[in-house]
Engineer: 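Just dropping this structure here.
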Amino acid sequence: MPLNTDAKKNIIKKVISNQDYRDEVLVIIDEIFLDYCISFFKQVVYAKIDALGEKSDWYKKVFLNPDLPKEQIAINSGLNMKSITNAFNSSKKEVVIQASYDNYNRLQKTINDLVSNGNNFEIKLSIKFKDVAVDLTVAESLIVINTIAVKRAEIRGGMWSAVGKQVEKPLMTTLCMLFNVPFEYHAQDGNPDSFREVDFYVLSKDGKKLRTEVKLMGKGNPESADAIFARQPAIFLADKLSDKNKKQAEMLNVQWIELRNKGGYKRFQEVLNALNVPNSDLNGDLNTRLDEILKEIYGE
DNA sequence: CCTTCATATTGGTTGATTTC
DNA sequence: GAAATCAACCAATATGAAGG
């Protein structure tokens, strides 16, 4: 969830300079996921060792332990929180625990059916950590594999969400500074509450507040674009836009900017001129200026 | 007929606020 | 505080139209 400043800097730089920013995010997702895998498997080793000789289901006992945070219980059972809240209209811990237990039992049954079907299939994880090692049964292996798959979905969804939220405003600020829009014309403080849902706004010389919406989305996601147009922004800036998006924008008299495209960031200046926002040409080399501006925004 | 491309749908979050 | 709500952030997958 917290994105470090280096990542934010790199992402903004890439988005503006017509490079794809997604690799920056994928690296982070991979790191988090692999770290998680290691610590999870470590716990699996000890959980199974501790339960040696016991008849009980060690996975259930340890990983669906009601004392764990509800988010972890859900994941360990193979469920994401959103599915639970959508299904039960609640995210109360007791609800989550119930849903998780049900799901775990269902999953276990599915796996047992699969395994006992005798389809000449076997997969067994063998985990070693320091001086201890355990072998998982086929069913245990599949449970564990399912869990990390569900966990990865959580990490992925969370990371993309965090990136979008944390980058949109500094991205616009950077763009404004690039074309020397005076600070008073793009300061974001003092927004009335009714502007809260707007990503950003710039001021025109005649005092108009120009609503600006930012999206790093890829193509598709029409509902996302619809939500934008419903708010009637003056400017719609995105990483990638479909033809339909552009046509719709033109029809509604919304200035669009597609950064991941020829023209790219330069179109922002044309839009500023068209909307009567004070600005001047970018001074010097783009990459150099980006570094300077980002340092100004984020510090070293 | 089969692939390719664009759009539609679904499902994973965050983060600010409010409610209990 | 924990839980709920709601708008917002995205990717991944399904679907259907267009092209060869």
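Letters A, B, ... mirror the listed sequences (proteins, then strands); counts begin at 1.
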Engineer: Counting only side-chain N and O atoms of K151(A), is one of them less than 4.0 Å from OP1 or OP2 of dG12(B)?
Structural biologist: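 So the side chain of K151(A) is outside the cut-off, no N or O lying under 4.0 Å from OP1 or OP2 of dG12(B).
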Engineer: Please work out whether the ring planes of F179(A) and Y265(A) are parallel, tilted or perpendicular, with thresholds of 30° and 60°.
Structural biologist: parallel
Engineer: Using only heavy-atom distances, decide whether a donor-acceptor pair under 3.5 angstrom links the side-chain of S161(A) to the base of dC9(C).
Structural biologist: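 Side chain to base: pair found, below 3.5 Å.
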Engineer: Using a cut-off of less than 4.0 Å, is there contact between a side-chain N or O of R22(A) and OP1 or OP2 of dA11(C)?
Structural biologist: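 Yes, because at least one side-chain N or O of R22(A) sits under 4.0 Å from OP1 or OP2 of dA11(C).
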Engineer: Send over the distance from I29(A) CD1 to dT13(B) P, rounded to a whole Å.
Structural biologist: 12 Å
Engineer: Output the rest of the hydrophobic cluster of L79(A): all Ile, Leu, Val, Met, Phe, Trp and Tyr residues reachable through side-chain heavy-atom contacts under 4.5 Å, sorted by chain and number.
Structural biologist: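 Reading the cluster by chain and number, L79(A) sits alongside M81(A), I84(A), F88(A), V95(A), V96(A).
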Engineer: For residues 11-41 of chain A, pull every pair meeting ring pair (Phe, Tyr, Trp, His ring centres under 6.0 Å), keeping only residues two or more places apart or in separate chains.
Structural biologist: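 Only Y36(A)-F40(A), F40(A)-F63(A) qualify under ring pair (Phe, Tyr, Trp, His ring centres under 6.0 Å).
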Engineer: Going by the rule side chain to side chain donor-acceptor pair (under 3.5 Å), which residues pair with K215(A) if we only count those two or more places apart in sequence or in a different chain?
Structural biologist: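 Here no residue qualifies.
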Engineer: Kindly point out which of dT7(B), dC9(C), dT13(B) is positioned nearest to the side chain of E168(A)?
Structural biologist: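 Side chain of E168(A) sits closest to dC9(C).
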Engineer: Applying salt bridge (Lys or Arg N to Asp or Glu O under 4.0 Å) as the test, list every pair that has at least one member in residues 141-161 of chain A; sequence neighbours left out.
Structural biologist: D30(A)-R152(A), K151(A)-E154(A)
Engineer: When you check the phosphate oxygens OP1 and OP2 of dG12(B), does a side-chain N or O of S83(A) lie under 4.0 Å from one of them?
Structural biologist: yes
Engineer: Find the distance L3(A):CG to dT14(B):P and express it as a whole number of Å.
Structural biologist: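 Going from CG in L3(A) over to P in dT14(B) covers 13 Å.
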Engineer: Return the residues of residues 87-108 of chain A meeting this criterion: a heavy atom under 4.0 Å from some atom of DNA chain B. Order them by number, or give none.
Structural biologist: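 Of all residues in residues 87-108 of chain A, none places a heavy atom under 4.0 Å from DNA chain B.
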Engineer: If you take atom types as modelled and just measure distance, does the side chain of K82(A) reach the base of dG12(B) with a donor-acceptor pair under 3.5 Å?
Structural biologist: yes
Engineer: Does dT13(B) have its OP1 or OP2 closer than 4.0 Å to a side-chain nitrogen or oxygen of N80(A)?
Structural biologist: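 So the side-chain polar atoms of N80(A) do come within 4.0 Å of the phosphate oxygens OP1 or OP2 of dT13(B), strictly under.
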Engineer: Among all residues two or more places apart in sequence or in another chain, which pass the side chain to side chain donor-acceptor pair (under 3.5 Å) test with T288(A)?
Structural biologist: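 Partners of T288(A) by the side chain to side chain donor-acceptor pair (under 3.5 Å) criterion, ordered by chain and then number, come out as D285(A).
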